[in-house]
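Protein chains get the first letters and strands the later ones, always in sequence-line order, with residue 1 at the start of each. Remember, predicted model here, so these are calculated numbers, not experimental data.
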Amino acid sequence: MTAARSIPVATRLPQVQEETGYPEHPPRMGFFTDTSVCIGCKACEVACKEWNLLPSDAPFELTGMSFDNTEQLSGSTWRHVAFIEQRKPVKAPDGAGDQGQGSGDQGSGDLRWLMASDVCKHCTDAACLDVCPTGSLFRTEFGTVVVQQDICNGCGYCVSACPYGVIDKREEDGRVFKCTLCYDRQVDGLTPACAKACPTESIQYGPVDELLQRAAARLQELRQDGVADARLYGHDPADGVRGNGAFFLLLDEPEVYGLPPAPKVTTRDLPSMWRHAAVAALTLACGIAAAFATARR
Amino acid sequence: MTEEFASYYNRRILKPPTWREVNIGGYLYLGGLAGASSVFAAGGQLTGRPALARVGKVAALAGITLSLVALVEDLGRPARFVNMLRTFKPTSPMNMGSWLLAAYAPLAGVSALCDLTGKLPLVGRAACYGAAVIGPAITTYTAVLVSDTAVPAWHEGHREMPFLFAGSATATAAGAALIATPRSENAPARRAAVLGAALELAAGRLMRRRIGMIAESYERGRAGSLLRAAEALALAGTAGALVAGRSRALALLSGAAFMAGSACLRLGVFSAGVASTEDPRYTVVPQRNRLSAASQDRDRQYA
Ligand code: SF4
Ligand code: SF4
């Protein structure tokens, strides 16, 4: 491989706490999940459930698709480890054979496993927060997005608004739940349970600007090693949600991991929606008025 | 346009709406019926058609009451409904809608009750005009409500959805008027019904043309059947309305067709939205197309 091109990565995410109106605040905190070192042990899933006292996802069923029997994030699962078994010829550009990257199985030609721990993205432009009619969802001083359980009335609007399919309703409870980035631990200066439990440092917690630098360096390193598929996801303040407080290093297209390739916060189009609705309302009023004006007795 | 796409074992990416179809589909329909009926009521009142005015007022009150019940019953914590009014939040159409309803429902109530009881006629007339001013917004804000989501079939249709809902609301309110008003007063309803149905059909067609492959979610399965029924009923209603001046029975049938068609339309739109969240194709393919269009733009720029 020729010398890896240097990959431009933004060095700063929007200071969302200032936009929210916090005069003083700690740095914006988040996760960098480096899936190239994930071993799929699910320690994060378990640690999250234990710390946050999340109920089980009954009934337990084997999906039969892979070692992933959790399937998706939900109101009672705030970390989800995806397992992808791929038949994909993964050759270095010089034809030297397997890349031997991360979780790949070096001995078996074109079979590789991808594992990735998914979580709420704590979007800079968070659709869930925008649409919440009660103000239950709010932006914390750490720049994260959290549900206030004593206010949520279970309207479910946030569920349909999230472009990542993260937040969900617990039917038996009636309210919605999602990752809080362990808000209760953060205020005591502790690392969130999942990052603490992760044995490979696939999940890294810290100020997002620092994490961005680490992510850029790791990407550079992998590209230099010939892992051409490596890419960052959710790190770009120019994307449809102005970047995520929780971003990822992936080894394939985002959709392979069940992530949307180009999500966009729905409220970006809201002014246009209101304009169209206003014109339509006028059309209705004029239409009915015209019907009266032209109707004979 | 590429149709091949990758996914995580073909699992959905988005969460389907937690809303129940009868409740929220019904809410969309009843809100439309109420809002447009208020406009008919004001028209009837203004042009001296008391029977038409009364039908509009009663339909508005019934529609808005039932729609509120449907909405509150759908909440995970119905007792906390009032939390919608603890803040004023323009980025949340549901919050704005709650304020609209809070302003509209009392007006619709006063207007209908004064008419039925004959008490406080001036207050009743004023409330009737007030409800008619807010009514059109009640019919189209629900389009913003569903479009302001990540649901592909709803969000991508956000330009046409308000017109679709306005047309459907006009047709159903006119339908109610056709059913319950004597022939001597139903001429405006006949005309408006035809206009409403035409708007509904045109907006629906335009939307499906513009949203590309996502239109399939409106054409297949349960949504497809409901929407085909809606179109057929709107056409049948229109045919009836054109000749309904001659017979009360025809007016009844035509009105019923409009109302049923509009209900099918709302339920069909609801189903299409749910279907579009359940298949990752509707999430991935349009986003991929958007990405490649953006990169082509960039290439052109630097070419
Ligand atoms: S990923 Fe979804 S739930 Fe998490 S902050 Fe973004 S919009 Fe909200
Ligand atoms: S379900 Fe709760 S958190 Fe979600 S939008 Fe409704 S009130 Fe807000």
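- Contacts classified as salt bridge (Lys or Arg N to Asp or Glu O under 4.0 Å) and involving residues 152-170 of chain B (residues at least two apart or in different chains) are given here: E160(B)-R210(B).
- Top candidate by heavy-atom pairs under 4.5 Å with chain A, chosen from G44(B), P90(B), A173(B), A203(B), is G44(B).
- Rounding to the nearest 0.5 Å gives a distance of 12.0 Å between CD1 of I13(B) and CD of Q72(A).
- Interface remark: L282(A) contributes no atoms to any contact with chain B (heavy atom separation under 4.5 Å).
- Residues of residues 185-192 of chain B having a heavy atom under 4.5 Å from any heavy atom of chain A, listed by number: A187(B), P188(B), R191(B), A192(B).
- Proximity to chain A is absent for every atom of L164(B), based on heavy atoms less than 4.5 angstrom apart.
- The heavy-atom pair separating Q149(A) from R80(B) by the smallest distance is O-NH1, 2.9 Å.
- Contact annotation for A36(B): both backbone and side-chain heavy atoms come within less than 4.5 Å of a heavy atom of chain A.
- For the atom pair L284(A) CG and F165(B) CZ, the distance stands at 13.5 Å (nearest 0.5 Å).
- Looking at P286(B), there are no atoms closer than 4.5 Å to chain A (heavy atoms on both sides), in backbone or side chain.
- Interface residue E85(A): backbone and side-chain heavy atoms are both found under 4.5 Å from chain B.
- Of all heavy-atom pairs between T87(B) and T134(A), the closest is CG2-O, 3.4 Å.
- Aromatic ring orientation, H276(A) versus H158(B): perpendicular (interplanar angle above 60°, classes split at 30° and 60°).
- The minimum heavy-atom distance linking P133(A) with S92(B) is given by the pair CA-OG, 3.4 Å.
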Open item on the list: Between W274(A) and V144(B), is the side chain to side chain contact (heavy atoms under 4.5 Å, CB included) condition met? List the steps.
Closed with: CA-CA 7 Å; W274(A) 283 127; V144(B) 181; 3.8 Å; yes
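- For S98(B), no part lies near chain A; criterion is any non-hydrogen pair under 4.5 Å.
- Contact of P271(A) with chain B is not made at all, since no heavy-atom distance falls under 4.5 Å.
- Taking chain B as the reference chain and counting heavy-atom pairs below 4.5 Å, the highest number among G154(A), S136(A), C128(A), C162(A) is found for G154(A).
- Each salt bridge (Lys or Arg N to Asp or Glu O under 4.0 Å) pair with one or both residues in residues 64-82 of chain A, not counting sequence neighbours, appears once here: E71(A)-R11(B).
- Most heavy-atom pairs under 4.5 Å with chain A, from the set R49(B), R290(B), M161(B): that is R49(B).
- For the residue pair T266(A) and A150(B), the shortest heavy atom distance occurs at CB-N, 4.5 Å.
- Contact tally against chain B (heavy-atom pairs below 4.5 Å) for A289(A), A285(A), S66(A): the top residue is S66(A).
- When heavy atoms are compared at a cutoff of 4.5 Å, D252(A) does not approach chain B at all.
- Your options are D74(B), V151(B), T149(B), V284(B), and the one with the most heavy-atom pairs under 4.5 Å with chain A is T149(B).
- Here the shortest heavy-atom pairing between L195(B) and G287(A) reads CD1-O, 3.5 Å.
- When heavy atoms are compared at a cutoff of 4.5 Å, V166(A) approaches chain B solely by way of its backbone atoms N, CA, C and O.
- Ion pairing between R77(B) and D173(A) holds under the 4.0 Å rule for side-chain N and carboxylate O.
- The structure places CE of M273(A) at 10.5 Å from CG of L145(B), a figure rounded to the nearest 0.5 Å.
- K89(B) places a side-chain N or O within 3.5 Å of a backbone atom of C132(A) that can act as its donor or acceptor partner.
- In this structure T283(B) satisfies the side-chain hydrogen bond (donor to acceptor under 3.5 Å, both in side chains) test with no other residue, sequence neighbours excluded.
- Looking only at distances, a side-chain donor or acceptor of Y9(B) sits under 3.5 Å from a matching main-chain atom of F83(A).
- Interface check for chain A: of the options T142(B), L52(B), L75(B), N95(B), the most heavy-atom pairs under 4.5 Å are formed by L75(B).
- Of the possible donor and acceptor atoms, none in the side chain of W19(B) sits under 3.5 Å from a partner among the backbone N and O of S160(A).
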Open item on the list: Let's go through I167(A) and K15(B) carefully: what are the C-alpha distance in whole Å and the side-chain angles of both, what is the deciding distance for side chain to side chain contact (heavy atoms under 4.5 Å, CB included) to 0.1 Å, and is it a yes or a no?
Closed with: CA-CA 8 Å; I167(A) 194 165; K15(B) 292 274 182 288; over 6 Å; no
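- For chain B, the nearby parts of Y157(A) are the backbone and the side chain; heavy atoms of each come within less than 4.5 Å.
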- [ ] Would you please test D148(B) and T267(A) for side chain to side chain contact (heavy atoms under 4.5 Å, CB included) and show each step?
- [x] CA-CA 6 Å; D148(B) 192 28; T267(A) 32; 3.5 Å; yes
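- Using a 4.5 Å cut-off between heavy atoms, T283(A) touches chain B through its side chain atoms alone.
- Residues Q287(B) and K264(A) have side chains that never bring a donor and an acceptor to within less than 3.5 angstrom of each other.
- The shortest heavy-atom contact between A166(B) and A280(A) is CB-O, 3.8 Å.
- Proximity to chain B involves both the backbone and the side chain of C155(A), based on heavy atoms less than 4.5 angstrom apart.
- Atom CG of D168(A) is separated from atom OG1 of T18(B) by 7.5 Å, given to the nearest 0.5 angstrom.
- Using a 4.5 Å cut-off between heavy atoms, A127(A) makes no contact with chain B at all.
- At a 4.5 Å heavy-atom cutoff, P280(B) makes no contact with chain A through either its backbone or its side chain.
- Of the listed residues (V176(A), L270(A), V159(A), I151(A)), the one with the most heavy-atom contacts under 4.5 Å to chain B is I151(A).
- Rounded to the nearest 0.5 angstrom, N83(B) CG and C152(A) SG are separated by 9.0 Å.
- In this structure, K169(A) contributes its side chain and P17(B) its backbone to no donor-acceptor pair below 3.5 Å.
- The part of Y257(A) that comes within reach of chain B is its backbone (N, CA, C, O), which places non-hydrogen atoms under 4.5 angstrom from that chain.
- Formation of a donor-acceptor pair under 3.5 Å by the R288(B) side chain with backbone atoms of P261(A) is not found in this model.
- At least one side-chain heavy atom of F163(B) sits less than 4.5 Å from a side-chain heavy atom of V279(A).
- Between I288(A) atom CD1 and S38(B) atom OG the span is 9.5 Å, to the nearest 0.5 Å.
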